[in-house]
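The next block holds one structure in the form of structure tokens; read it before the comments.
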Amino acid sequence: MAERHPAERERTRLSAYRDGELDLAERQEVAAHLRTCAACQRVLCDYTHLGNALREQVPVAPLAAMRVDLRLRLHVPRRQPWPVRLLPRLGATASALLALLAVATLGGLPMGQPLGPFGAQLGVPVTASLRLPLPGLAQPAATQPSRSAASARCAQPLPGVAAATAQRPEVQAALGCATDAPRVLGLVSQPFERGTLLRRSDTREVYALTSDGRWRQYADPGPSPQPVSLSLGGDPAELSVWFWRVWSERPDLPPLLGRVAGSHQQFQGLVQTYERGAALWDASGLMYVLVDSGQSLFYADQRGGQPGRGEAPPPRPTLEAVRPSAGVPI
Amino acid sequence: MQVTTLTGLAGTQRVAALGGESFEQAFHDYQPGLYTYLLRMIGNPDDAYDLALASFEKAYRAWSRAPSGVELKPWLYRIATNTCLDELRRRKLVRWLPWDGFVQWFHPSQVAPENPEREVVRGEQTELVRRAMDQLPERYRACLVLRECEELSCEEIADVLGMTRGAVKTTLFRARERLRKVYEAMGGEALDG
């Protein structure tokens, strides 16, 4: 039985006609046919209307948020494939087995005998530098892990921390190893005469970082329930709604930080926990390092963002420029 | 307002490639289109967002290695398509996810209609078409979305999907036919423009 018109061949041409994929002669032929054939008109209408239905009401992509998220992703080190991750461990295991075999074979150590610490049992001297106390540590040096042991279990640090460590090894000494992977969070910061207020969204804590290289922690009572229009001492910048309550409820803050020195900034950022502190990095490129001992450090990632239009460039302190005053042992 | 740039990340990748266009410009130009393409492909706004991010991350990392003379738009859509298909394979999805996002976000009641009754019917038809799209094989779906929504030419689609131009034309025809049949089988009424 013959296929009903339009047959597959004609429908294929109608589809190509809709896509502009026919040459001039074919296009004229189909157009002429369409003027007289209701069945073909119906098929072409169906193709057109199905396409129109697909196009309708397209959501607008969240451009700004994606830009920030992408930037964060590009800063987080990518996880290595598992063979690469396992190679060092496999190498270490193989070396240890080989050493054991050599000692058992050459030194006459009976196989199966319980082994104590490798250094003692195998007569390998422990390198003196591994036992050197790291500067700036509160704990006794004997309880500190060796550099090799520590680095073996260190998570990959935030790029900003890695850069800081490269410039000043004492930063890693004070912070210790990264203990987890970086996590995304929201950050609000505002500069003051003598420091910065910083709020993190995940734990709802507010930190006051002062220019003497110290920091204090406050529980975040939350933003002001009402819009706040407060000008402190005639300053052009206003206190952020995020800090109004903590500012008014903690009387030690105003004398500690002084007057507002600029408008607040709100970013997505990354936080990473270390053995003895935390590092927070915002998408503008500022890195805040908070050490459990109460010392703080911040600096600008030189690859960071640019100031917004119409605004004066924010201060971009280098690591050296914000080095705490002498006597602070970080 | 703080402006976050993408191009200050790695010096070697700051170099304009791909016909002189910077990654920053490419992100600006194609981010909305790529996101909506992925949303149409996968049907879930959160997944589409993640896939768009992953696609741009791959594009950024491959930017300086892109072959000379490559067309930017098909190149980006190829990355996005492969990212999307890989993700679907990873999840072992046999069928496409439902278009909940569209229903939730773009209920006809949110649009101020000139003719309320007609708009409601039209909204139902559109929703039914999208549900019919769920039934299509992924290649058919990708072809249709790239042609109808992203307005790529058959040659560009061939580039994106790694097919010949003739195969794209055939796939488009079969996809339209399949969509028509599924739509009618689901009780879809004649579509009006």
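Per chain, numbering begins at 1; letters A, B, ... match sequence-line order.
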Can you tell which of B:Ala132, B:Ala54, B:Ala48, B:Ala52 has the highest number of heavy-atom pairs within less than 4.5 Å of chain A?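 Most heavy-atom pairs within the cutoff with chain A belong to B:Ala54.
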Pick from B:Arg174, B:Glu148, B:Lys169, B:Glu155 with the largest number of heavy-atom pairs that fall under 4.5 Å of chain A: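 If we count pairs closer than 4.5 Å to chain A, B:Glu148 comes out on top.
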Side-chain ion pair, B:Glu150 and B:Lys73, N-O less than 4.0 Å: no
Any Lys/Arg nitrogen of B:Arg180 or B:Glu177 sitting under 4.0 Å from an Asp/Glu carboxylate oxygen of the other?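 Judged by the 4.0 Å cut-off on N to carboxylate O distance, B:Arg180 and B:Glu177 do form a salt bridge.
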Examine whether an atom of B:Arg176 lies under 4.5 Å from a heavy atom of chain A, and if so say whether it belongs to the side chain, the backbone or both; otherwise answer neither.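 Answer is both: backbone and side chain atoms of B:Arg176 are under 4.5 Å from chain A.
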Under a 4.5 Å cut-off applied to non-hydrogen side-chain atoms, are A:Leu270 and A:Leu280 in contact? no
Does either side chain, that of A:Tyr207 or that of A:Arg200, offer a donor lying less than 3.5 Å from an acceptor on the other one?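 A donor-acceptor contact under 3.5 Å links the two side chains.
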